[in-house]
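Here's the structure we're looking at; comments come further down.
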Number of protein chains: 2
Amino acid sequence: MDERDVRLLKAISDLGTGSPERLHEETDIPVSTIHYRLNNLRERGVIENDLYDLDLDELGLGVTVVLEVYTTYSGSYRGVAAELEEIEGVTQVFFTMGEYDFMVVARLPNSDAVERLITDFEAVEEVDRTNSTFVTSRTKDTPRPLQTYSLDTLLEELVDDGSE
Amino acid sequence: MDERDVRLLKAISDLGTGSPERLHEETDIPVSTIHYRLNNLRERGVIENDLYDLDLDELGLGVTVVLEVYTTYSGSYRGVAAELEEIEGVTQVFFTMGEYDFMVVARLPNSDAVERLITDFEAVEEVDRTNSTFVTSRTKDTPRPLQTYSLDTLLEELVDDGSE
DNA sequence: TGTGAAATTTAATGCAA
DNA sequence: TTGCATTAAATTTCACA
């Protein structure tokens, strides 16, 4: 994984496209080389499919941490949420009405980064306390929810017939 | 959202490709119609970008539940994990060494489905107890971890120089 | 390894029915 | 919605740096 690979993958994420032409505009890497690089990344297993899903372990973001965040905010939770979202590595911020206020998932390069992450969280004014859990193994971690359903269930649940 | 839309989106998830030709083979929907449908889905905001990321609310899987799962298993946790992964709606299963054994995220069509989900969990032999938290708002929920990092941080963390 | 140019295959669009 | 013709993009190949 060198600088060009990283720039390329970052561009795909930011632009939300795999178009070689667009990626060229963004990164200045020649179209021909973009093909060459993406093929290598695919062979190495960093890119998983045509949809550019990434293998976090191969990529170098294989460390996952789950945090329960306890806060004190006045008015709306949106402001706190916005601050939590900005912290590097945070991929999911769920506001709940349960025991804690937010459930956060972060993707990190290594264990050292966990410390930095906690510090970033504690630095947010409204955050009272965080309870972090280190993920030993991401047994399942798919960005494609439809995969987890059978076609029959999906047809039943998602198709709008007159019943609702 | 009719049956064809659902079949199409399901095929994209299962095949891991957006290739009209491949989708046609899988669904028997004419290539021309696949274009037509995908454009509509994009306009309606169900599909978010060229990478076919989905808007869960538009799609009809906007209900998210987080479960802490307490288990008693003999030997490896892999067996239990495999069972949890099979439950419909489950997108993430994290094994931890924390207070609970597994942290699970599920995507559901509506509140009714939550009840079914809990039942499915309790039905797993090794599961002692589950603590489920209903997500009020998915403030952030991205399948693209690189977006959350600045390019500088990524270059620092992901590029293999001689330092490790 | 990386890149450009040409050749080939695929995908996207426009339009008629 | 679909087929067909047209246009545009993406992919592969290959020579050469």
Side-chain angles (χ1 to χ4, degrees), chain A residues 1-55 58-60 143-144 146 151 154-155 158-162, chain B residues 1-55 58-60 143-144 146 151 154-155 158-164:
Chain A
M1 199 71 120
D2 65 4
E3 171 162 347
R4 272 189 152 181
D5 284 336
V6 173
R7 281 184 190 278
L8 203 48
L9 294 173
K10 169 78 169 149
I12 291 172
S13 289
D14 286 353
L15 269 48
T17 183
S19 157
E21 200 55 62
R22 303 277 315 281
L23 295 173
H24 162 69
E25 289 167 22
E26 180 76 10
T27 62
D28 268 323
I29 301 171
V31 174
S32 178
T33 306
I34 289 177
H35 280 289
Y36 176 67
R37 290 267 173 175
L38 290 181
N39 282 336
N40 285 340
L41 286 166
R42 257 184 249 279
E43 277 185 11
R44 280 191 269 150
V46 178
I47 295 173
E48 304 214 297
N49 50 30
D50 287 1
L51 308 175
Y52 299 89
D53 289 335
L54 301 172
D55 182 312
E58 293 299 327
L59 179 65
R144 319 226 151 267
L146 295 190
L151 182 57
L154 289 177
L155 291 174
L158 264 35
V159 172
D160 349 283
D161 43 12
Chain B
M1 200 70 120
D2 64 4
E3 172 163 347
R4 273 189 152 180
D5 285 335
V6 174
R7 282 184 188 278
L8 204 48
L9 295 173
K10 169 77 171 152
I12 291 172
S13 289
D14 287 351
L15 268 47
T17 185
S19 157
E21 199 56 61
R22 302 276 316 282
L23 296 173
H24 163 69
E25 290 167 21
E26 180 76 9
T27 63
D28 269 324
I29 301 171
V31 174
S32 179
T33 306
I34 288 178
H35 280 290
Y36 175 70
R37 291 263 173 177
L38 290 181
N39 282 336
N40 285 339
L41 287 166
R42 258 183 247 281
E43 277 184 11
R44 281 190 269 148
V46 178
I47 295 173
E48 303 213 299
N49 50 30
D50 287 0
L51 308 175
Y52 299 90
D53 289 335
L54 301 171
D55 183 312
E58 293 299 328
L59 179 65
R144 318 226 152 267
L146 296 190
L151 182 56
L154 289 178
L155 291 174
L158 264 34
V159 172
D160 352 281
D161 43 10
S163 82
E164 56 172 336

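In this text, all values refer to a predicted model and were calculated from it rather than measured experimentally. Convention: sequence-line order gives letters A, B, ...; per-chain numbering from 1. All heavy atoms count here, side chains included; hydrogens, waters and symmetry mates do not.
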At a cut-off of 3.5 Å, list every protein nitrogen or oxygen paired with a nitrogen or oxygen from nucleotides 2-9 of chain D, distance to 0.1 Å.
residue	atom	partner	partner atom	Å
D:dT2	OP1	B:R4	NH1	3.3
D:dT2	OP1	B:R4	NH2	3.2
D:dT2	OP2	B:R4	NH1	2.5
D:dT2	OP2	B:T33	OG1	2.5
D:dT2	O5'	B:T33	OG1	3.2
D:dG3	N7	B:S32	OG	3.0
D:dG3	O6	B:S32	OG	3.4

Inter-axis angle, terminal five-pair segments of the helix from C:dG2-D:dC16 to C:dA17-D:dT1 [nearest 10°]: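 Axis angle across the helix from C:dG2-D:dC16 to C:dA17-D:dT1, nearest 10°: 30°.
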
Residues B:E3 and B:R7 bridged, charged N to O under 4.0 Å: yes

side-chain hydrogen bond (donor to acceptor under 3.5 Å, both in side chains) pairs, two or more places apart, involving residues 37-52 of chain A: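 Only A:D2-A:R37, A:D5-A:R37, A:D5-A:R44, A:N49-A:D53, A:D50-B:T17 qualify under side-chain hydrogen bond (donor to acceptor under 3.5 Å, both in side chains).
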
Between [N] ([atom2]) and [X] ([atom1]): distance, integer Å:
{"X": "A:H35", "N": "C:dT1", "atom1": "NE2", "atom2": "C1'", "answer": "17 Å"}
{"X": "A:E43", "N": "D:dT11", "atom1": "CD", "atom2": "P", "answer": "15 Å"}
{"X": "B:L23", "N": "C:dA12", "atom1": "CG", "atom2": "P", "answer": "10 Å"}
{"X": "A:I34", "N": "C:dT1", "atom1": "CD1", "atom2": "P", "answer": "18 Å"}
{"X": "A:N40", "N": "D:dT12", "atom1": "CG", "atom2": "P", "answer": "13 Å"}
{"X": "A:R37", "N": "C:dT1", "atom1": "CZ", "atom2": "P", "answer": "9 Å"}
{"X": "B:H24", "N": "C:dT10", "atom1": "NE2", "atom2": "P", "answer": "14 Å"}
{"X": "B:D50", "N": "C:dA12", "atom1": "CG", "atom2": "P", "answer": "9 Å"}

Derivation of the side chain to side chain contact (heavy atoms under 4.5 Å, CB included) call for B:I29 and B:L23: CA-CA 8 Å; B:I29 301 171; B:L23 296 173; over 6 Å; no

Measure the [atom1]-[atom2] distance between [X] and [Y] for me, rounded to the nearest 0.5 Å.
{"X": "B:T33", "Y": "B:D28", "atom1": "OG1", "atom2": "CG", "result": "11.5 Å"}
{"X": "B:L9", "Y": "B:I47", "atom1": "CG", "atom2": "CD1", "result": "5.5 Å"}
{"X": "A:T27", "Y": "A:I34", "atom1": "OG1", "atom2": "CD1", "result": "4.5 Å"}
{"X": "A:L59", "Y": "A:L41", "atom1": "CG", "atom2": "CG", "result": "9.0 Å"}
{"X": "A:L151", "Y": "A:L158", "atom1": "CG", "atom2": "CG", "result": "10.5 Å"}

Over 12 non-hydrogen atoms of neighbours within 6.0 angstrom of CZ in B:R22: no

